[in-house]
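In this chain, residues are counted from 1 in sequence order. Just follow the structure's listing: the first ligand is 1, and inside any ligand the first atom is 1.
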Amino acid sequence: MRKLLVANFKMHVPDAGAWRSFRVSKSAEVVVCPPLPYLRDFGQNKNFKLGAQDVFWENVRSGGAYTGEVSVEILKKFGVGYVILGHSERRALGETDEIVNKKVKTALASGLKVILCVGESKETKKKGEVAAKRFISQELRADLSGVKKIFLKNITVAYEPIWAIGTGVPDKPEDAALMSLFIKKLLPVKVLYGGSVNQRNAAKFLKAKELDGALVGTASLNPKEFKKIVEASINPHT
Ligand code: PGA
């Protein structure tokens with residue numbers, strides 16, 4: 001199975017020029033999610049697919065009077081095929097499960113593939129495995145409430161423990177694999193791991209058969225490092 005590697009540039013300014021020559025083997029599926037104004041720069045490279053980091057839940061039929069928001073139709077015009085939803089950095093700014101759920105439904109109805117982020121806080125992690133699993137299942141239930149089964153094939157869940165994001169302290173690969181198994185028992189979806197993945201630790205996550213890939217933030221900003229992470233997914237034993 002080809003692994004899925006997603007680059008999330010967040011609000012960082014990407015070096016679009018350096019990415020122009022980014023080449024990877026077809027043995028991995030790569031999605032790059034730049035900030036919106038850079039979509040056109042990144043849309044030219046056929047070695048990866050384009051993703052967005054968010055989308056609004058209203059679509060073109062509701063008119064355009066939503067200052068600052070971007071619709072599924074606009075994203076698709078720019079060649080976007082994937083959208084990250086429910087990232088913990090957006091949840092921290094006030095995005096509720098209800099909002100995530102509306103966005104998930106709109107994105108799926110438009111044909112976009114959804115990368116749905118879920119993950120427990122440090123406090124929940126401290127309470128133990130049962131508490132963490134309970135949190136993740138509640139988050140998934142709320143975010144996917146009312147989503148029809150036929151759409152599940154277009155959803156990938158990114159398990160991103162909040163305490164591991166941007167901290168340089170990733171989850172243990174075996175714990176991430178266990179959480180992936182737990183999620184796969186709840187839903188027939190692919191599961192990625194995200195949180196401080198870099199070129200040194202990527203192989204440990206990517207060789208786990210329970211994990212279908214990784215969502216990479218900081219380490220994806222440098223195309224050379226990200227390429228090494230992609231290569232680790234193709235041959236995780238090197
Ligand atoms: P990180 O971010 O790789 O910098 O920890 C991951 C993410 O937020 O998706």
Side-chain angles (χ1 to χ4, degrees), residues 3-15 19 22 28-36 38 42 48-55 80 82-95 100 103-104 107 112-122 124-125 132 135-136 139-140 143 155-173 175-177 179-180 183 189-206 208 211-233 236:
K3 301 258 172 170
L4 173 63
L5 284 303
V6 183
N8 174 17
F9 295 165
K10 311 189 180 188
M11 202 175 73
H12 299 288
V13 177
D15 183 351
W19 277 86
F22 181 83
E29 189 178 357
V30 177
V31 176
V32 175
C33 308
L36 294 176
Y38 293 94
F42 280 79
F48 51 77
K49 300 191 179 119
L50 267 189
Q53 300 171 20
D54 188 28
V55 72
V80 168
Y82 290 76
V83 62
I84 297 172
L85 292 174
H87 194 286
S88 62
E89 287 161 7
R90 296 202 55 80
R91 293 182 193 261
L93 293 173
E95 193 154 305
V100 175
K103 290 180 172 183
V104 166
L112 287 178
K113 291 189 172 149
V114 168
I115 298 159
L116 174 64
C117 300
V118 294
E120 81 283 359
S121 65
K122 198 177 205 154
T124 305
K125 168 84 178 167
F135 180 84
I136 298 297
E139 206 168 39
L140 283 170
D143 294 348
I155 299 175
T156 298
V157 171
Y159 169 58
E160 297 208 303
I162 298 170
W163 46 271
I165 296 176
T167 58
V169 184
D171 198 2
K172 291 195 191 108
D175 287 355
M179 190 59 95
S180 173
I183 293 169
V189 291
K190 284 188 184 169
V191 179
L192 313 180
Y193 168 73
S196 298
V197 173
N198 59 35
Q199 59 183 336
R200 290 179 302 286
N201 62 29
K204 293 196 193 104
F205 291 99
L206 296 168
L211 293 168
D212 300 294
L215 176 48
V216 187
T218 315
S220 72
L221 285 170
N222 177 345
K224 288 199 181 114
E225 172 154 19
F226 188 64
K227 188 175 158 73
K228 288 201 177 119
I229 294 171
V230 175
E231 281 164 359
S233 83

Kindly confirm or rule out an N or O of G166 lying under 3.5 angstrom from an N or O of ligand 1.
->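 Yes, G166 has an N/O under 3.5 Å of an N/O on ligand 1.
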
Proximity to ligand 1 by part of I165, non-hydrogen separation under 4.0 Å |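 Within the 4.0 Å criterion, I165 contacts ligand 1 through backbone and side-chain atoms alike.
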
Where the closest heavy atom to atom 2 (O) of ligand 1 is concerned, which of H87, E160, K10, Q53 has it?
->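 Ranked by closest heavy atom to atom 2 (O) of ligand 1, first place is K10.
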
Give a yes or no on whether the ring-centroid distance for F9 and W19 is below 6.0 angstrom.
->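 Yes, the ring of F9 comes within the 6.0 Å limit of the ring of W19, centre to centre.
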
If every non-hydrogen atom of [X] is compared with every non-hydrogen atom of [Y], which pair is closest and at what distance?
{"X": "A164", "Y": "D171", "value": "CB-N, 4.0 Å"}
{"X": "G119", "Y": "I162", "value": "O-CD1, 3.6 Å"}
{"X": "Q53", "Y": "M11", "value": "OE1-N, 4.5 Å"}

Numbering as shown, the atoms of ligand 1 that approach [X] to under 4.0 Å (heavy-atom distance):
{"X": "G195", "result": "5 (O)"}
{"X": "N8", "result": "9 (O)"}
{"X": "T218", "result": "1 (P), 3 (O), 4 (O)"}
{"X": "G217", "result": "1 (P), 2 (O), 3 (O), 4 (O), 6 (C)"}
{"X": "L215", "result": "9 (O)"}

Less than 4.0 Å between a side-chain N and a carboxylate O, is that true for E29 and K3?
->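 Between E29 and K3 there is no salt bridge, as every charged N stays at least 4.0 Å from the carboxylate O atoms.
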
Answer yes when R91 and D143 have at least one side-chain N-carboxylate O distance shorter than 4.0 Å, and no when they do not.
->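 Here R91 pairs with D143 in a salt bridge, since their nearest N and O are under 4.0 Å apart.
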
